[in-house]
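Note sheet for the following structure.
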Amino acid sequence: MQISTFEPAPATPSQSSGRTGGLAALINPLSFRMSLRDRAERSAASIRAHGGEVFEVNGLDSIQQALHEALQRPIGRLVLAGGDGTLQATATWLARHRDQYPLPELIVLAAGRTNYVAADLGTRKNFLATLERILETGVDGLHPVDRATLALKHPSIGTEHGFFMAGAIVDQVIRDVHRWQEEHPGWRRRHHAASAFGVARIALRRLFGVHRFESPRLEIEAAGLGRIGGPCRFLLATTLLLGRSLVDPYARRGEGALRLTAVRRDARALYRHLPRLVSGRFSAAMNPKVGYLSGNCSRIRIHGIGAITLDGQEFDLDVRTPLTIETGQVFRFLRP
């Protein structure tokens with residue numbers, strides 16, 4: 001993959017924007033919102049006007065190369081204008097190289113289609129206006145928010161860092177939507193409702209018996225929370241608080257930075273409990289004995305899992321080795 005570097009404007013002391021260094025940005029012009037009209041050019045111009053260096057990225061190789069180049073000089077703030085996958089790749093690279101480079105403070109703009117982290121932080125609205133407000137405010141006027149990553153450890157992938165993991169049928173749905181979007185470019189891929197349309201398509205196909213998903217047989221252990229085993233429908237894990245979201249499918253029980261929800265295929269009264277599950281209002285009766293494992297914990301170990309998506313990025317695993325999830329690198333994000 002090729003990487004294009006926009007030449008930055010010369011920095012001045014008043015433009016030096018980080019507590020320990022300057023400003024840099026990774027812009028993915030192919031991400032959903034960034035690809036509309038001239039948003040990539042306008043974002044780059046705004047960052048250059050504040051003394052920042054801008055890197056255009058469009059995949060894992062270019063993200064890694066851009067980070068390597070950007071961090072050759074002290075960087076205090078790093079703007080990420082792309083989708084969740086751009087943040088996931090950046091978080092993993094920074095965590096792997098934290099002994100080599102100081103961690104910059106991150107500014108995440110919602111330039112993709114979902115942007116779970118931006119929604120959690122409160123930077124999801126109008127990314128151009130949000131970017132300008134952040135750059136004009138200055139560091140001391142911004143609000144820092146700390147979030148730890150999920151650190152996923154498995155021989156098939158090494159250690160990957162991210163903020164939202166999906167497994168079981170949730171992973172299968174995400175992958176199916178990704179395939180559908182790739183096979184049907186045009187308005188269905190570029191439209192705001194493309195993902196929702198893809199999920200609705202799956203629901204209709206399932207209703208008419210065309211689409212079927214397999215519930216993988218998993219053994220899930222969550223330290224201090226419990227364990228379940230058997231064919232599982234749902235598997236979700238995150239470190240996000242989701243206080244701004246209507247969908248927050250994690251029980252308010254247990255301790256630790258990791259939030260987990262796993263539901264067996266034979267979970268008692270699943271469809272009747274769906275409203276409670278989606279909103280995180282688990283009753284005492286929704287417990288591991290009847291197929292529900294949900295809440296906070298410090299460590300997760302999953303046996304038998306062969307596929308996951310992490311911040312929308314697909315990873316295949318050797319089912320013979322368990323996947324371990326722990327609290328990973330803590331990043332500081334800035335928001336207005």
Would you say that Phe333 contacts Glu105 through its side chain, given a criterion of any heavy-atom pair below 4.5 Å between the two side chains? no
Would you say that more than 12 heavy atoms from the other residues, nucleotides or ligands in this model lie under 6.0 Å from the [atom1] of [X], or not?
| X | atom1 | result |
| --- | --- | --- |
| Glu255 | CD | no |
| Arg227 | CZ | no |
| Glu214 | CD | no |
| His97 | NE2 | yes |

Run the numbers on Thr239 and Thr327 for side chain to side chain contact (heavy atoms under 4.5 Å, CB included), then give the verdict. CA-CA 8 Å; Thr239 53; Thr327 303; 5.7 Å; no
Under the criterion side chain to side chain contact (heavy atoms under 4.5 Å, CB included), I'd like the reasoning laid out for Arg332 against Asp146: C-alpha separation, chi angles, the key distance, then a yes or no. CA-CA 4 Å; Arg332 172 153 290 183; Asp146 293 341; 2.8 Å; yes
Describe, in one word, how the ring planes of Tyr116 and Phe164 are oriented to each other, choosing from parallel (under 30°), tilted (30 to 60°) and perpendicular (over 60°). tilted
In sequence, state the C-alpha distance, the side-chain angles, and the governing distance for Asp316 and Arg175, and then conclude on salt bridge (charged side-chain N to carboxylate O under 4.0 Å, His left out). CA-CA 12 Å; Asp316 295 322; Arg175 289 174 182 243; 3.1 Å; yes
Minimum heavy-atom distance between Leu240 and Thr238, given as atom pair plus value: N-OG1, 3.0 Å
Heavy atoms only: give me the nearest His154-Asp318 pair and the separation to one decimal. NE2-O, 3.1 Å
Between atom [atom1] of [X] and atom [atom2] of [Y], what is the distance when rounded to the nearest 0.5 Å?
| X | Y | atom1 | atom2 | result |
| --- | --- | --- | --- | --- |
| Thr137 | His143 | OG1 | NE2 | 9.0 Å |
| Arg301 | Ile220 | CZ | CD1 | 13.5 Å |
| Leu310 | Glu160 | CG | CD | 7.0 Å |
| Leu293 | Met286 | CG | CE | 11.5 Å |
| Leu150 | Ile325 | CG | CD1 | 6.0 Å |

Would Ile308 and Tyr250 show up in the same hydrophobic cluster when neighbours are defined by side-chain heavy atoms closer than 4.5 Å? no
Using side chain to side chain contact (heavy atoms under 4.5 Å, CB included), reason through Gln100 and Leu71 one step at a time and then give a plain yes or no. CA-CA 10 Å; Gln100 187 176 355; Leu71 293 176; over 6 Å; no
Salt bridge Arg233-Asp266, side-chain N to carboxylate O under 4.0 Å: no
Check against side chain to side chain contact (heavy atoms under 4.5 Å, CB included), Gln64 and Val57: CA-CA 9 Å; Gln64 293 176 341; Val57 298; over 6 Å; no
